[in-house]
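Below is one structure; the comments refer to it alone.
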Amino acid sequence: MAGNHQVRVRFAPSPTGQLHIGNVRTALFNWLFARQRGGIFILRIEDTDVERSEARYETQLMEDLKWLGMDWDEGPDVGGPYPPYRQSDKMDVYREYAERLIREQKAYYCFCTAEELERDRAQAMAEQRQPNYSGKCRNIDLAEAERRRAAGEPAAIRLQIPERPIRFHDIVRGDVEFSNEVVSDPIIVRSSGMPTYNYVVVIDDAGMKITHVVRGDDHISNTPKQVAVYEALGLPVPEFAHLSTILGPDRERLSKRHGATSVANFREMGILPEALMNYLALLGWAPSGGDRELFPKDELIKEFSLQRVTPSPAVFDTEKLHWLNRQYIKQSAPERIRQMGIEILQRAGLLPVSVNSNVSGWANSMIDLLAPYVDQLDQLPEKAKIIFSNDPAAALAVPENAEAFNDKGKAVAQAFAKRTESESPLTPERFKAIMDEVKAETGAKGKDLFHPVRIMLIGSHSGPDFNKLIPLLEDGSKLELPVHVKNVRERVAEFMAVLEQRA
RNA sequence: GUCCCCGUCGUCUAGCCUGGCCUAGGACACCGCCCUUUCACGGCGAUAACACGGGUUCAAAUCCCGUCGGGGACGCCA
């Protein structure tokens, strides 16, 4: 394909806060589209809102994108042929274009005051009309307007919307048409001399030779205004693709009150980046056939297509994200999960700040054992409670557990206790032998045999395999850890004390 | 209020453009069974949807109109 047909897309966030999940999805679709088509993905930081923009958010935003696995070909850090990629502050260019529009009578000075406009708007609403600009300054003679400005009267510049419908093509929604009646002449330069967003964004996008504008559908109503700017300036109009909104479970736009909504949140929770990317891609896009869910990055790039993006809004479903995350945890190299797990356990105060090889070896086996049980890695400390804490009273307070210690269960507990008080350390082999003896002595088998023992050891009748659990308890008890791990003998002794007392 | 967008299982969606292959497919969740001396994992299975009403047609989830419902935009914010 010839170079001049090359796809050029951009993600243009404002560094005013944490990168929101909806915005990353927009970034992702831009990126996937660019990579799929062998195009250019551009990062442009919109920090014109000086009051709210912060450098740390910009850094964070770039880290978040990288963490997710995205890269950009042009941007504030890597440069590119059409700078600037940070400030879209090209005042002279904006002014020059605005002057040209005035000269060509495609734009005009507007002397209306804010109060006047507000009054008109309120009246239109009251009369159930579209609150459009009246157009009262449209016919002020240019010479007259210049005279008033020279006399110090403040004036904004408005673009004159043509007397015909404005159409544009949207890859997701097809042809979209807005009647010119509903598109007010937009202000492109404020009376303060500052250009407005709808004007600036067009010049910036055109300047960067953007071929496809992929963004959230909250911009769809702005699009006719922007198209009018392109046309007035004689600039080529790009293709558009407006992505639907991501909703919370209550079908309201996803926001902070729905819980985790920023990339940073998911990262801290121990969601793997490939799982998040996969999930986000599936929100609004599906492959033809729609029968595959697992899409690693490379597969997404291969399969993605903007034409297949759905126009309807999607509810964010944490359960499905969790499912994908579990899939990727299982597929992932064990070392990676171990390392992440150790950091999380350290933060929870269960592992020392610096781990020696004895501790890390032990921690690794523990993480290997527990990781398949979690939806997100930050659940590890909670799951590790079975190893780090031992509370017989609490365990017996659960009716279901207490029931396991009927006469037969109690006999099992006593027989087991009798054999383990001298058995230390306990190996899995020895454990098995003991269980066989207990079985012979008490006649208990199956659940009757194993439930009491498991409750004694970890306070619950469900949990990981004994063969792996026993060594973890025995080895852990010998390590210097912030929280002492009790071995089997200690656990059984404590448990029996409480059990006898209750009887 | 006006305009725009959207409307398939509880959720994400395939199918819709190019009507018949749809007895509407897949996935998550839920439920059941199997595996496992428990739980989880895994395997198998079940329940579950074309918003409603009119057309057009031999035939409509698919095309047209209307209604209802949801979301968004209506700024000298971005």
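Every chain is numbered from 1, with letters handed out A, B, ... down the list of sequences.
Side-chain proximity of S221(A) to rC12(B), rG42(B), rG72(B): nearest is rG72(B). For A314(A), the listed nucleotide lying nearest its side chain is rC12(B); candidates were rA27(B), rA78(B), rC12(B). You'll find that the side chain of T196(A) is closest to rA78(B), out of rC4(B), rG15(B), rA78(B). In this structure, the nucleotide among rC5(B), rA27(B), rU38(B) sitting nearest to the side chain of R173(A) is rC5(B). The E46(A) side chain lies nearest to rA78(B) when the options are rC3(B), rA78(B), rG1(B). Listed nucleotides: rA78(B), rG26(B), rC4(B). Nearest to the side chain of Y197(A): rA78(B). Comparing rU38(B), rG75(B), rG42(B) by their closest approach to the side chain of S462(A) singles out rU38(B). The V176(A) side chain lies nearest to rC5(B) when the options are rU37(B), rC5(B), rG71(B). Looking at the side chain of E319(A), the nearest of the listed nucleotides rC39(B), rC28(B), rA14(B) is rC28(B).
Projected onto RNA chain B by closest heavy-atom contact, K445(A) and F178(A) fall at different nucleotides, the more 5' of which corresponds to F178(A). Between M435(A) and W285(A), the one whose closest nucleotide on RNA chain B sits nearer the 5' end is W285(A).
The same atom, P, is picked in rA14(B) and in rA51(B); the two are 14 Å apart, to the nearest Å. As rounded to the nearest Å, rC74(B) and rU56(B) have P atoms that lie 42 Å from one another. rA29(B) sits 23 Å from rU36(B) when the P atoms are compared, rounded to a whole Å. When the C1' atom is used for both rA60(B) and rC12(B), the distance is 25 Å, rounded to whole Å. Nucleotides rC6(B) and rC21(B) have their C1' atoms positioned 29 Å apart, rounded to a whole Å. A distance of about 25 Å separates the C1' atoms of rG53(B) and rA48(B), rounded to the whole Å. Going from the C1' atom of rG15(B) to that of rA49(B) covers 13 Å, rounded to whole Å. The same atom, C1', is picked in rG7(B) and in rC52(B); the two are 12 Å apart, to the nearest Å.
The interatomic distance linking F240(A) (CZ) with rC4(B) (P) rounds to 18 Å, in whole Å. If you take CD1 of I188(A) and C1' of rC76(B), they are 12 Å apart, rounded to a whole angstrom. Distance, N222(A) CG to rA78(B) P: 11 Å, rounded to whole Å. To the nearest angstrom, C1' of rC39(B) lies 12 Å from CG of L369(A). For the pair D218(A) CG and rG70(B) P, the interatomic distance rounds to 20 Å; values are reported in whole Å. Counting to the nearest Å, the P atom of rC4(B) and the CZ atom of R167(A) are 14 Å from each other. Counting to the nearest Å, the C1' atom of rC41(B) and the CG atom of N325(A) are 16 Å from each other. Rounded to a whole Å, the CG atom of D317(A) is 14 Å from the P atom of rC9(B).
Checking rG69(B) for Watson-Crick or G-U wobble geometry (two distances, each under 3.5 Å) identifies rC6(B) as its partner. Using the Watson-Crick or G-U wobble rule with both distances under 3.5 Å, rG20(B) pairs with rC58(B).
For S312(A), no side-chain nitrogen or oxygen approaches OP1 or OP2 of rC5(B) to under 4.0 Å. When the side-chain nitrogen and oxygen atoms of R129(A) are compared with OP1 and OP2 of rG1(B), none of them lie within a distance under 4.0 Å. Under 4.0 angstrom from either OP1 or OP2 of rA40(B) there lies no side-chain N or O belonging to K383(A). Taking 4.0 angstrom as the limit, R251(A) places none of its side-chain polar atoms (N or O) nearer than this to OP1 or OP2 of rG10(B). A close approach under 4.0 Å does occur between a side-chain nitrogen or oxygen of R326(A) and OP1 or OP2 of rA29(B). The phosphate of rG72(B) (OP1 or OP2) has a side-chain N or O of R253(A) nearer than 4.0 angstrom.
For the residue pair R215(A)/H242(A), the side-chain donor-acceptor check at 3.5 Å is satisfied. Judged purely by distance below 3.5 Å, without hydrogens or angles, the side chains of N23(A) and T26(A) never pair a donor atom with an acceptor atom.
A donor and an acceptor atom never sit less than 3.5 Å apart when one is taken from the side chain of Y279(A) and the other from the base of rC12(B). Scanning atom types as modelled, one donor and one acceptor separated by under 3.5 angstrom connect the side chain of R454(A) and the base of rU38(B).
K330(A) comes within 4.0 angstrom of sugar-phosphate atoms only, judged by non-hydrogen atoms across all strands, and of no base. Within 4.0 Å (heavy atoms only), I187(A) reaches at least one base atom of the nucleic acid. H461(A) comes within 4.0 angstrom of a nucleotide base, judged by non-hydrogen atoms across all strands. Across all strands, P313(A) comes closer than 4.0 Å only to sugar-phosphate atoms, never to a base (heavy-atom distances). A114(A) comes within 4.0 angstrom of nothing in the nucleic acid, heavy atoms only. Among the heavy atoms of the strands, none lies under 4.0 Å from C110(A). Across all strands shown, Q130(A) has heavy atoms under 4.0 Å from base atoms, whether or not it also approaches the sugar-phosphate. Within 4.0 Å of E181(A), counting heavy atoms only, lies no atom of the nucleic acid at all. Within 4.0 Å (heavy atoms only), F316(A) reaches no atom of the nucleic acid at all. Among the atoms of the strands shown, none is found under 4.0 Å from any heavy atom of D448(A). Looking at heavy-atom distances under 4.0 Å, L117(A) makes contact with a base. No contact: R215(A) has no heavy atom under 4.0 Å from any strand. Contacts of G174(A) with the nucleic acid, taken as non-hydrogen atoms under 4.0 Å apart, are absent. S191(A) comes within contact range of at least one nucleobase, with a heavy-atom separation under 4.0 Å.
Partner of R10(A) under the side-chain hydrogen bond (donor to acceptor under 3.5 Å, both in side chains) criterion, out of D205(A), N30(A), D204(A): D205(A) alone.
Judged by the 6.0 Å distance and 45° axis criteria, R158(A) is positioned over the aromatic ring of Y133(A). Seen from the ring of Y97(A), R95(A) does not count as a face-on cation partner, given the 6.0 Å and 45° thresholds. Taking the ring centre of F295(A) as origin, the terminal cationic atom of R292(A) falls inside the region bounded by 6.0 Å and 45° from the ring axis.
Two rings, from F240(A) and H169(A), have their centers 6.0 Å or more apart.
Ring geometry, W285(A) versus F304(A): the interplanar angle falls from 30° to 60°, so the pair is classed tilted.
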Item to check | CA sep, side-chain torsions, deciding dist, call: F466(A), F431(A), ring-ring contact (aromatic ring centres under 6.0 Å, His included) | outcome: CA-CA 9 Å; F466(A) 281 115; F431(A) 173 79; 4.8 Å; yes
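Not one N or O on the side chain of Q123(A) forms a donor-acceptor pair closer than 3.5 Å with the backbone of D120(A).
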